[in-house]
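Contents: one structure, followed by commentary.
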Amino acid sequence: ETGVTQTPRHLVMGMTNKKSLKCEQHLGHNAMYWYKQSAKKPLELMFVYSLEERVENNSVPSRFSPECPNSSHLFLHLHTLQPEDSALYLCASSQDPGPGETQYFGPGTRLLVL
Amino acid sequence: KQEVTQIPAALSVPEGENLVLNCSFTDSAIYNLQWFRQDPGKGLTSLLLIQSSQREQTSGRLNASLDKSSGRSTLYIAASQPGDSATYLCAAYPGAGSYQLTFGKGTKLSVIP
């Protein structure tokens, strides 16, 4: 497996469920990112991790909880979501965080909250 | 706060035509500007990255320009092909110390055979 992978690719959950999104990068990068892409809105940065340490939390509600156990894996734990949280969630990685670094994206997880 | 705008939201052209996609940004104090491609149901693929000190970057049939003073960037695609059909996103990176890559909503390009 190469590049950035995400599982599951599609997820349907109720507002009381708890689920987790997984991202894995096979590029030896040090930085990983979670983005949210809603219909008719620009892509929004949610979290940035550098060497397993969170370096940015872009005012994301606490019902989204990220976890980075090592530099290759990133999780997004979801609980008590709202219908407006339905979106495409994209994971990305780069050699290091910050400007000048090309980010490599995974295919995304399409989330539907009922 | 940086805002990135892409016009038009959608564009349809016949195969073989040259075309230009537009991107504008409100804060000229950017570190770099990047163009991405997104295919349906897939993630983003980086196409070109222009540093703030550069005027343009080229890759194959793609040429991206940057004019910081006017807050504009363009992506030129030569001799378009049906395989170029996708959504094209531009994103501006602010100065050093921030991780906030600000994206536009994208231009959906359809190249008709």
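Since the model is a prediction, treat every value here as computed from it, not as a measurement.
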Problem set entry | Other residues, nucleotides, ligands: >12 heavy atoms within 6.0 Å of A/Gln82 CD | yes
Exercise. Among the clusters formed by ILVMFWY side chains lying less than 4.5 Å apart, do A/Val113 and A/Leu21 turn up in the same one?
Worked result: yes
Exercise. What part of A/Leu43 is in contact with chain B, defined as an atom under 4.5 angstrom from a non-hydrogen atom: side chain, backbone, both or neither?
Worked result: both
Problem set entry | B/Gln6, part contacting chain A, at a heavy-atom distance under 4.5 Å | neither
Exercise. Measuring from A/Glu44:CD to B/Thr102:OG1, what's the distance to the nearest 0.5 Å?
Worked result: 10.5 Å
Exercise. Under a single-linkage definition using a 4.5 Å side-chain heavy-atom cutoff for Ile, Leu, Val, Met, Phe, Trp and Tyr, are A/Tyr89 and A/Met15 assigned to the same hydrophobic cluster?
Worked result: yes
Exercise. Is A/Tyr35 reachable from A/Leu74 through a run of hydrophobic residues whose side-chain heavy atoms are each under 4.5 Å from the next?
Worked result: no
Exercise. Would the number of heavy atoms belonging to other residues, nucleotides or ligands and lying under 6.0 Å from CZ of A/Phe105 be above 12?
Worked result: yes
Exercise. Taking a hydrophobic cluster as the set of Ile, Leu, Val, Met, Phe, Trp and Tyr residues connected by side-chain heavy atoms closer than 4.5 Å, whether directly or through intermediates, do A/Val60 and A/Leu81 fall within one such cluster?
Worked result: yes
Exercise. Any side-chain heavy atom of B/Leu101 sitting closer than 4.5 Å to one from A/Tyr33?
Worked result: no
Problem set entry | Full working for side chain to side chain donor-acceptor pair (under 3.5 Å) between B/Gln34 and A/Gln103 | CA-CA 10 Å; B/Gln34 302 181 39; A/Gln103 294 184 24; over 6 Å; no
Exercise. When only heavy atoms count and the cut-off is under 4.5 Å, which of residues 44-76 of chain B reach chain A?
Worked result: B/Leu44, B/Ser46, B/Leu49, B/Gln51
Seminar exercise, completed: Tightest non-hydrogen contact, residues A/Pro42 and B/Phe103, listed as CB-O, 3.3 Å
Problem set entry | Residue A/Arg110 versus chain B: region with a heavy atom under 4.5 Å | neither
Problem set entry | Same cluster (ILVMFWY, side-chain, under 4.5 Å), A/Tyr49 and B/Tyr93 | no
Exercise. Can you list every pair that meets side-chain hydrogen bond (donor to acceptor under 3.5 Å, both in side chains) and has a residue in residues 66-79 of chain A, with sequence neighbours left out?
Worked result: A/Ser20-A/His77, A/Glu24-A/His73, A/Glu67-A/His77, A/Asn70-A/His73
Seminar exercise, completed: dist B/Leu89:CG -> A/Gln37:CD (nearest 0.5 Å) comes out at 6.5 Å
